[in-house]
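Data first, discussion second: the structure below is written as structure tokens.
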Amino acid sequence: MHFIDDKLKEECGVIGVYVKDENLAARLAYYGLYALQHRGQESAGITVNNEGVLESAKGMGLVSEIFDEQRLSTLKGNIAIGHVRYSTSGDKEIENCQPVTAKSKFGQIALAHNGNLTNSEGLRDMLEEDGAVFHTNIDSESILKLIARQYRRGIEIALKHTISLIKGGYALIVTTKQQLIGVRDPHGLRPLCLGQRADGSYILASESCALDVIDAEFIRDIEPGEVVIIDENGLKSIPATHWGQKNLCVFELIYLARPDSTIDDFSVFEFRRKSGEILANEFKAQADIVIPVPDSGIPAAIGFANASGIPYMEGLVKNRYVGRTFIQPTQELRETAVKLKLSPLRFNLKDKRVIMIDDSIVRGTTSKRIVEQVKKAGAKEVHLCITSPPVKYSCYYGIDTPSRKHLIGAVKSIDEIREYLGADSLTYLSLAGLSEACNGEDGFCRACFNGKYPIEVPMEPNKIEESINA
């Protein structure tokens, strides 16, 4: 079991680099992956393209644990694609690390994939019946094999054919021969952006924070359904071949993305700050201080404090040397792990009526322990405010979520949740408030809150049956 039980697990992060200097591409990809580490901590990998010859380095663990100067110095090529992974499909094994590669008589191909396919089982069955041999159990390999099978007809046709067959949320970065390619799903569920360095190098990345660290200027977001092909002639954009309404996963803004990123014209920090302001207007509290659950709760707590006039204070100190997937096998040790991760500032909390801001509650277990910690530190009252509506439905597009029976928002009323957590009050941001934070725009997937899935979802007994019977 993972230490942070109350959070939806990040999907993955991808980056692609096209430069002239064969010694630079892998290093830029490395720094970009470092900036995207929050999107996956289980494995990381980089594949370089040296005049059509691919070489990969990947492994289990953090970027800093896998790559060092010696390893990076061996990765030469003017194109590099990289990946950090939190598994949403496939086992947590070394063979499932990305990028994934394929060979054909028409050349080698490598792919890095962020997201999840809803028709992966059907695609795999079809490919295996046609004689395909799989070396992983991740849906990304099915995408790669579909591209490779049509590659003889040209990469544009191969990509169009593949996009017509795959369903779900995805951002793809591909390298083949002398090309770097980016693809975003027709609904724009998963983010992908484009940047350029002063030397003319192009960068594709899951988030703009990866561009900043390698001195690339943010150009724009890749549009839903768009394909961009980068080669020695520059950049070519191929618009979506069929219509799809934009449905960016709203949890990118609520929790998943780094606050210094911009996604589809939304500043993540400003979105979270505004959510806090809206929540303060929905919950008129009598309290002494506002504290965040770090780190994602900080911008919202600032917004809540500004709108309510209640002072912002730090109430919890985060130990940044405890990993997100800190694992302990027993309930008692998991409770100890919470204390290792977050420590209360007793001086700030003692005898105070506290408003505690967090972004979401999934199972409720960690939130319960944090409330207990704050009260043990001397807080007279703890009012828990969540800057999103209750999570009631599972995600199928690239975020690892439990089945509905494990989502506390699906099985308990708000008052029952409050009682379980031991909070004096519990307030969620309303769906209307979330819409206001989104500037009233409709281009967001909110299925985890309202069950309205923009793409058909698989009939998986462990998740969907509870949705049907709800």
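By the 6.0 Å and 45° rule, R404 stacks over the aromatic ring of Y393.
Sequence neighbours left out, not one pair with a member in residues 428-443 passes salt bridge (Lys or Arg N to Asp or Glu O under 4.0 Å). Every pair tested for side chain to side chain donor-acceptor pair (under 3.5 Å) that includes a residue from residues 304-317 fails, sequence neighbours excluded, so the list is empty.
A search for salt bridge (Lys or Arg N to Asp or Glu O under 4.0 Å) contacts involving D288 returns R353, not counting sequence neighbours. For E270, the salt bridge (Lys or Arg N to Asp or Glu O under 4.0 Å) partners are R273, not counting sequence neighbours. Residues that satisfy the side-chain hydrogen bond (donor to acceptor under 3.5 Å, both in side chains) test with T136, not counting sequence neighbours, are E141. For R124, the salt bridge (Lys or Arg N to Asp or Glu O under 4.0 Å) partners are E128, not counting sequence neighbours. In this structure, the side-chain hydrogen bond (donor to acceptor under 3.5 Å, both in side chains) partners of T175, at least two apart in sequence or on a different chain, are N49. Not counting sequence neighbours, the partners of F449 by the ring pair (Phe, Tyr, Trp, His ring centres under 6.0 Å) test are F251. Every salt bridge (Lys or Arg N to Asp or Glu O under 4.0 Å) that D295 has, sequence neighbours left out, goes to K318, R320. Under the side-chain hydrogen bond (donor to acceptor under 3.5 Å, both in side chains) criterion, D265 pairs with no residue at all, not counting sequence neighbours. For R446, there are no side-chain hydrogen bond (donor to acceptor under 3.5 Å, both in side chains) partners, not counting sequence neighbours. In this structure S43 satisfies the side chain to side chain contact (heavy atoms under 4.5 Å, CB included) test together with M60, R85, C97, sequence neighbours excluded.
Using a 4.5 Å heavy-atom threshold, the side chains of V17 and I79 count as separate. Here the side chains of I203 and L194 are not in contact, with every heavy-atom distance at 4.5 Å or above.
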